[in-house]
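Heads up, the thing below is written out as structure tokens.
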Amino acid sequence: MKFPRFSRKTLCIPYAVFLLFFVIAPMLVIVFYAFTDTNNHISFYNFSQFFSDPVKLSTIAYSVVIALITTVVCLLLAYPVAYILARSNLRKKSVILLLFITPMWINFVLRVNAIRELMNWIGILGEANYFNTVFGMVYDFLPFMILPLYTSLLKIDPSLYEASADLGGNGFTTFTRITLPLSFPGIVSGITMVFLPSMTNYVVSDMLGNSKVTIIGKFIETYFGTDWHMGSMIALILLIIVLATTLLTGGFKEDENIRGANL
């Protein structure tokens, strides 16, 4: 009895089936609804109506600004933490790292509710909606910035720092010529993991901004409850923004290519 010959292509079958039913098929449905009207006739009305509505355009602008501020704050907070943990000789630094990522194990809604109660106790809930939204975003996504930065910094060969010192390099030169370029893949990964979800995480903006801060994710959720055609168009536009952002940050490049380009 002959058994079918096993090959590496066989391993691709489950992934191909998964991509077909859970990625390609839903995307085709989104594209279909985005470019059709209520009678399922081909139409570009949703596209033109979106870009002619100042409310929708301002929502995208607000979403991008909030995501940018969140990403910058996360980067400024996470880089020193990751650098200290990666470069220090602390025996318990793994425990310290664990403390930063432990919130990721707690349910997302519970964390947001905890921050909401804290803000309510301080007395700023309902008073500083945009600040509260950014604060909640930073709290939720900070671990996603720390981890890739820590991993990249940990991979840097310590002998490079010794070579820099032997050649007379000071701390600033060593950081700009060695640490920063070699940690760039972690920076790119962290920015991607923080910026993109921040544009769509309307749970934080609803709960901490008292529903007075509307981001593009909230628009999608609202329209899919009433108008699938416009909701699909907004989702498609968001996908284009995500792809453009990933291309600009070099998210599709190989890790080695990013390193080589910055050395």
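In this chain, residues are counted from 1 in sequence order.
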Can you tell me which residue pairs pass the salt bridge (charged side-chain N to carboxylate O under 4.0 Å, His left out) test with a partner in [range], sequence neighbours excluded?
range: residues 14-33; value: none
range: residues 206-221; value: D206-K218, K218-E221
range: residues 228-243; value: none
range: residues 10-21; value: none

hydrophobic_cluster_shared for [Y] and [X], side chain cutoff 4.5 Å:
X: L99; Y: L77; result: no
X: I240; Y: F35; result: no
X: V55; Y: L57; result: yes
X: Y150; Y: I84; result: no
X: I24; Y: M27; result: no

Query - Full working for side chain to side chain contact (heavy atoms under 4.5 Å, CB included) between F32 and N40 - result: CA-CA 8 Å; F32 171 78; N40 293 330; 3.9 Å; yes
[X], [atom1]: over 12 other non-hydrogen atoms inside 6.0 angstrom:
X: L20; atom1: CG; answer: yes
X: F135; atom1: CZ; answer: no
X: F108; atom1: CZ; answer: yes
X: F47; atom1: CZ; answer: no

Roughly how far, to the nearest 0.5 Å, is [atom2] of [Y] from [atom1] of [X]?
X: M137; Y: T71; atom1: CE; atom2: OG1; value: 10.0 Å
X: L236; Y: I241; atom1: CG; atom2: CD1; value: 10.5 Å
X: L182; Y: I156; atom1: CG; atom2: CD1; value: 5.0 Å
X: I30; Y: I220; atom1: CD1; atom2: CD1; value: 8.5 Å
X: E162; Y: D157; atom1: CD; atom2: CG; value: 8.5 Å
X: I215; Y: I66; atom1: CD1; atom2: CD1; value: 6.5 Å

Using side-chain heavy atoms (C-beta onward) and a distance below 4.5 Å, is [X] in contact with [Y]?
X: I216; Y: Y202; value: no
X: F224; Y: I234; value: no
X: I237; Y: F51; value: yes
X: D37; Y: I42; value: no
X: L97; Y: I146; value: yes
X: T36; Y: H41; value: no
X: L142; Y: V194; value: no

Tell me every residue that passes ring-ring contact (aromatic ring centres under 6.0 Å, His included) with [X], counting only those two or more places apart in sequence or in another chain.
X: F219; value: Y223
X: Y161; value: none
X: Y45; value: none
X: Y130; value: Y62

**Report entry** Check: N120 side chain, L125 main-chain N or O, donor-acceptor pair, under 3.5 Å
**Finding:** no
Query raised in the report: Would you say N132's side chain and M119's backbone share a donor-acceptor pair under 3.5 angstrom?
Result: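 Absent.
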Report task. Please assess M233 against Q49 for the test side chain to side chain contact (heavy atoms under 4.5 Å, CB included), listing each intermediate value before the final yes or no. Result -> CA-CA 10 Å; M233 177 57 70; Q49 202 273 337; over 6 Å; no
Requested in this report: List the steps and the verdict of side-chain hydrogen bond (donor to acceptor under 3.5 Å, both in side chains) for S164 and T174.
Outcome: CA-CA 6 Å; S164 176; T174 302; 2.7 Å; yes
Requested in this report: List for me each residue that meets side chain to side chain donor-acceptor pair (under 3.5 Å) alongside N170, sequence neighbours excluded, and say none if there are none.
Outcome: T173
Contact summary for [X] and [Y], nearest pair of heavy atoms:
X: V138; Y: C74; result: CA-SG, 3.8 Å
X: S232; Y: A34; result: CB-N, 3.7 Å
X: S152; Y: S183; result: CB-CA, 4.0 Å
X: M145; Y: A78; result: CG-CB, 3.4 Å
X: F50; Y: K56; result: CD1-CD, 3.3 Å

Requested in this report: Determine whether the side chains of H229 and T38 contain a donor N or O and an acceptor N or O closer than 3.5 Å.
Outcome: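 Side-chain D/A pair, H229 to T38: absent.
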Requested in this report: Report the C-alpha distance between V17 and F21 in whole Å, list the side-chain angles of each, state the deciding distance to 0.1 Å, and finish with yes or no for side chain to side chain contact (heavy atoms under 4.5 Å, CB included).
Outcome: CA-CA 6 Å; V17 173; F21 286 99; 3.7 Å; yes
**Report entry** All salt bridge (Lys or Arg N to Asp or Glu O under 4.0 Å) counterparts of R87, not counting sequence neighbours
**Finding:** none
Requested in this report: Determine, stepwise, if the pair F195 / L68 fulfils side chain to side chain contact (heavy atoms under 4.5 Å, CB included).
Outcome: CA-CA 7 Å; F195 179 79; L68 281 174; 3.7 Å; yes
**Report entry** Pair listing, ring-ring contact (aromatic ring centres under 6.0 Å, His included) test, anchored in residues 75-104, at least two apart
**Finding:** Y79-F175
Check residues 109-117 and write down every donor-acceptor pair under 3.5 Å in which the side-chain atom is one partner and the other belongs to a residue at least two apart or another chain.
from: R111; atom 1: NE; to: P103; atom 2: O; distance (Å): 2.9
from: R111; atom 1: NE; to: I106; atom 2: O; distance (Å): 3.2
from: R111; atom 1: NH1; to: D140; atom 2: OD1; distance (Å): 3.0
from: N113; atom 1: ND2; to: V109; atom 2: O; distance (Å): 3.2
from: R116; atom 1: NH1; to: M207; atom 2: O; distance (Å): 2.2

